Peer 1: 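What follows is a structure written as C-alpha cells; I'll ask about it next.
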Amino acid sequence: LSGYLNRIGECLTATELAVVVMDMLEREGKLTKDTVVKERFINLLLPFADKITKGASVDNIRQRINDAMAKRHTRR
C-alpha cells in the first residue's frame, strides 16, 4: 500500500493517477473495474494526490480512469 501511496503522491495529472489506479486494479484482487470509478474510491485517493493542481475533480479522474481502462483493453 505504501508503494501506491508514494506513486499517487508523485502524480502531476489525473492521467498519471489513472495509470497508478490501473496498476492497482491489475495487481490487487479486491479491486474491480466498478470500484475504481466510484466517487468513494476516488475521494480516498485525492488527499494523497496533492500535486495534481488541474483536473482534480472526481468526474475528471473517473474519465481518465475510464480512458485508461479502454486503452489497456484495446492493447490486449
Side-chain angles (χ1 to χ4, degrees):
L1 183 63
S2 66
Y4 291 126
L5 294 180
N6 289 337
R7 288 181 62 199
I8 291 168
E10 306 234 340
C11 293
L12 300 176
T13 66
T15 301
E16 291 175 0
L17 179 58
V19 170
V20 176
V21 170
M22 291 307 301
D23 288 344
M24 293 170 71
L25 179 61
E26 290 178 353
R27 294 187 172 124
E28 302 300 322
K30 293 182 180 181
L31 289 178
T32 67
K33 291 178 182 179
D34 292 329
T35 302
V36 298
V37 295
K38 291 193 183 244
E39 182 175 6
R40 183 175 172 201
F41 178 80
I42 294 168
N43 277 327
L44 290 173
L45 302 179
L46 285 175
F48 302 101
D50 57 352
K51 290 184 182 177
I52 299 176
T53 57
K54 290 184 181 177
S57 69
V58 170
D59 288 338
N60 186 55
I61 292 170
R62 178 183 296 121
Q63 186 58 52
R64 300 297 74 79
I65 293 169
N66 282 327
D67 292 348
M69 281 194 278
K71 191 174 184 179
R72 287 206 181 177
H73 179 71
T74 57
R75 275 197 241 153
R76 292 180 180 194

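Note that this is a predicted model, so its numbers are computed, not measured.
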Peer 1: What residue pairs, at least two apart or across chains, pass side-chain hydrogen bond (donor to acceptor under 3.5 Å, both in side chains) with a residue in residues 8-24?
Peer 2: Arg7-Asp23, Asp23-Arg72
Peer 1: So among Val36, Ile42, Ile61, which one has a side chain to side chain contact (heavy atoms under 4.5 Å, CB included) with Val21?
Peer 2: Val36
Peer 1: Which pair of non-hydrogen atoms, one from Ala49 and one from Leu17, has the smallest distance, and what is that distance?
Peer 2: CB-CD2, 4.3 Å
Peer 1: I need the Lys38 NZ to Asp34 CG distance, nearest 0.5 Å.
Peer 2: 6.0 Å
Peer 1: How close do Met69 and Val37 get, counting heavy atoms only, and between which atoms?
Peer 2: CE-CG1, 3.6 Å
Peer 1: Check Val20 against Cys11 and note the closest heavy-atom contact, atom names and distance.
Peer 2: CG2-SG, 3.8 Å
Peer 1: Provide the closest heavy-atom pair for Lys51 versus Gly9 in the form atom of the first, atom of the second, distance.
Peer 2: CD-O, 3.2 Å
Peer 1: To the nearest 0.5 Å, tell me how far Ile65 CD1 sits from Gln63 CD.
Peer 2: 10.0 Å
Peer 1: Holding to side chain to side chain donor-acceptor pair (under 3.5 Å), I want the full list of residues that pass it with Glu28, two or more places apart in sequence or in another chain.
Peer 2: Tyr4
Peer 1: Please say yes or no: joined through hydrophobic side-chain contacts below 4.5 Å, possibly via intermediate residues, are Met22 and Val19 part of one cluster?
Peer 2: no
Peer 1: Could I get the full list of salt bridge (Lys or Arg N to Asp or Glu O under 4.0 Å) partners for Asp67, not counting sequence neighbours?
Peer 2: Arg64
Peer 1: As an exercise, state the distance from CG of Leu25 to OG1 of Thr35, rounded to the nearest 0.5 Å.
Peer 2: 8.5 Å
Peer 1: If you look at every heavy atom in Gly55 and Ala14, which pair is closest and at what distance?
Peer 2: O-CB, 3.7 Å
Peer 1: Roughly how far, to the nearest 0.5 Å, is CD of Glu26 from CG of Leu31?
Peer 2: 11.5 Å
